[in-house]
There are 2 protein chains.
Amino acid sequence: MSFTAPHISTKPDWLDTIIKGDCVEALNKLPDNSVDVVFADPPYNLQLGGDLHRPDHSKVDACDDHWDQFSSFKAYDEFTRAWLQAVRRVLKPNGSIWVIGSYHNIFRVGAVMQDLGFWINNDVVWLKTNPMPNFRGKRFTNAHETLIWACPSQESKPTFNYDAMKTFNDDLQMRSDWVLPICTGHERLKDDNGDKVHPTQKPESLLYRVLLSTSNQGDVILDPFFGTGTTGAVAKKLGRHFVGCEREDAYIKAASERIDRVTPANDDFLAMTQGKRSLPRVPFGNLLETGLLTPGAELTDARGRFKATVRADGSLICGEHSGSIHKVGALVQGQQACNGWTFWHVKRGKALEPVDALRQVVRSQMPR
Amino acid sequence: MSFTAPHISTKPDWLDTIIKGDCVEALNKLPDNSVDVVFADPPYNLQLGGDLHRPDHSKVDACDDHWDQFSSFKAYDEFTRAWLQAVRRVLKPNGSIWVIGSYHNIFRVGAVMQDLGFWINNDVVWLKTNPMPNFRGKRFTNAHETLIWACPSQESKPTFNYDAMKTFNDDLQMRSDWVLPICTGHERLKDDNGDKVHPTQKPESLLYRVLLSTSNQGDVILDPFFGTGTTGAVAKKLGRHFVGCEREDAYIKAASERIDRVTPANDDFLAMTQGKRSLPRVPFGNLLETGLLTPGAELTDARGRFKATVRADGSLICGEHSGSIHKVGALVQGQQACNGWTFWHVKRGKALEPVDALRQVVRSQMPR
DNA sequence: GAGCTAGATGAATCAGGCT
DNA sequence: AAGCCTGATTCATCTAGCT
């Protein structure tokens, strides 16, 4: 599980290990100012209700573990303050801390961090390419999580590999929104029954980007909620040291074996961390939001046989039919499917143009 | 600045107006439970000064000279609590509140909202297609802002136009990440010198999506930090009422003139895509009453594995099982629940059709 | 092997009306 | 007020198994 770092003559015994126990207690084993970067994925305090089923009646495997249960916001805040203070002692003055969370907990975490004097450099949103849908149709698909990147004080001068990030991002400044898939497939650790070992394993691509942007080779990376060790695995791969705190034996075992299998380094990781470079998607509704079309606008097909009217929500009305441009396009033609972008046209001056041309206008305003 | 709503006989004098003054004070003019949706873009640059007042109208002196982190955060929290409580009184129990902010303030706002009992439905990230770059190269490009969508309590049942948003988004569920350009060009209000009137004018496209997703035609939309009136302009355009609070005369003037220029969209095009949930309920027994099915009719599932017989009261008999179409459908499959309308089929000519198709026939014959 | 289909699954604060 | 019944609701991706 360990790897050599020749320039460190006497390696502390806690380096590149997982300390068993609650993180506040476990961190007592570390000296002051001994850590360069912290990555923390604390419990989210989800407060779930009853069971949730998919439309096909299968049950959603919820995160209902005991470690995610708190009696109140106050209790959660106290827990948060305690681990942040413990982390603060071991973090170097110019070190960085990353915390990830969802709307259930991230606002509380961020406020406590500010109260303790941490200085926020950025919040970063992880946009999931493949989030779980909202099965009951009662909310927006919860398609992102939030990371806070902060320093121990306003005076801190953290590592930020600006040029590496810019190169990484096709010579554009790296933005605060990162598009990455969730952790599935071979990367997801499974037990002997084929069940996931940890309910909330983070993708390695996320940790790559965190460590690549705000740490240097040989740095010490602390993860106070180590879980199945994504932080350790990526740290080792990138030539960083790690130290983790974890209470559950099953997670420690899985993480240790996982990190043992990691071979540090070449450059093949770059590909993994690249976001998708496909054309940005522009929903038809955008044309109304941005004023390129107004509710009541009339669309026709290229030959003018069918006429439809646009409503405020981006739906079309055409005789008895209503729905998306694709659905109504299919219905009026009596076909199974239709690309509404090329089927429907709009008058622009004297000429008829496919609405796809308006989509191009929107895209031209998007530098990405 | 006002527009007529003929179906409201006595329009309150505050409706479709901007109330001058601090929002906590101004909101005293509104009765309890009088607002359907709140959109709030609270100030968050503490160092600009002049923005913060305690509930007793004394000025907060936190950011006068030296930056005092703790006292200024505390003052901001007090300010936040005060306006949120004032808003809470006028918001209907099933109303929605949206708050937008950046990492400077959104964590504090979110935590205070939770402390006051607001229930968060989603956080939404607005991804800017054209953000300001990070000139010093010390941070990630700050390319997003965060919105919190919440309700006054966990029991609230807010308006959420799921089907309209899905149509809007090319027949995919609307996600929690919205890609929209910032407010520039002709949309950006300029004064006589060509300077922008308001430092943080929000794009109309953002409000369009907020109001389309969580409000209905004729709803009352409150913006306690009205600024140059983007909320009012989009509300009027979409056939909603507005009320705003604003302290600065210059903003009130610019907003009033702006809203006067807005032409509301035609009623016909404000109708939105409706889902099945809004269709009138048709009990299964109706199919027998109307003669579409006769007692003794045989139903099967799509693959013909299960056969059931319809009795005069609309119950099914299937082997040992009997009961409603839903109950028997669940029982024969050994599932907890089943939508009998789509599970059970009937022969119509040569083809098998779900009984749901018969329900459509009944609905088409119903008076609107 | 390639290609296809069916099935499984992911940090989720996920219903509403009537009796 | 609590309980019961109706019936509405999913996207991207990976794996296993079959042709």
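None of the values given here were measured: they were computed from a predicted structure. Here is how names work: the chains are called A, B, and so on, in the same order as the sequence lines, proteins then strands, and each is numbered from 1.
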- Message: Counting Watson-Crick and G-U wobble pairs with both distances under 3.5 Å, what is the dot-bracket string for DNA chain D, 5' to 3', using [ ] for crossing pairs and | for pairs to another strand?
- Response: .|||||....|||||||||
- Do the ring planes of A:Phe284 and A:Trp341 sit parallel (below 30°), tilted (30 to 60°) or perpendicular (above 60°)? perpendicular
- Note on the structure: Regarding the side chain of A:Lys196, the nearest nucleotide among C:dA11, D:dG7, C:dG10 is C:dG10
- Note on the structure: A:Asp61 has its side chain closest, among C:dA11, D:dG7, C:dG10, to C:dG10
- Task: Please step through side chain to side chain contact (heavy atoms under 4.5 Å, CB included) for the pair B:Val124 and B:Thr146, ending with a clear verdict.
- Result: CA-CA 6 Å; B:Val124 169; B:Thr146 300; over 6 Å; no
- Query: Of all the choices, C:dT9, C:dA11, D:dT15, which nucleotide is nearest to the side chain of A:His186 once you look at every atom?
  - Reply: D:dT15
- Task: Would you mind classifying the nucleic acid contact of A:Ser102 as base, sugar-phosphate or nothing, using non-hydrogen atoms under 4.0 angstrom?
- Result: nothing
- Base, sugar-phosphate, or nothing: which does B:Ser324 touch, judged by heavy atoms less than 4.0 Å apart? sugar-phosphate
- Taking the P atom of each, how far is C:dA12 from D:dG7, in whole Å? 29 Å
- Message: Mind checking if B:Lys157 touches a base, just sugar-phosphate, or nothing, with heavy atoms under 4.0 Å?
- Response: sugar-phosphate
- Message: Run the side chain to side chain donor-acceptor pair (under 3.5 Å) test on B:Trp149 and B:Ser96 for me, step by step, so that the C-alpha distance in whole Å, both residues' side-chain angles and the decisive distance to 0.1 Å come before the verdict.
- Response: CA-CA 7 Å; B:Trp149 172 39; B:Ser96 279; 2.9 Å; yes
- Query: Does any N or O donor sit under 3.5 Å from an N or O acceptor when you compare the side chain of A:Arg54 with the base of C:dG10?
  - Reply: yes
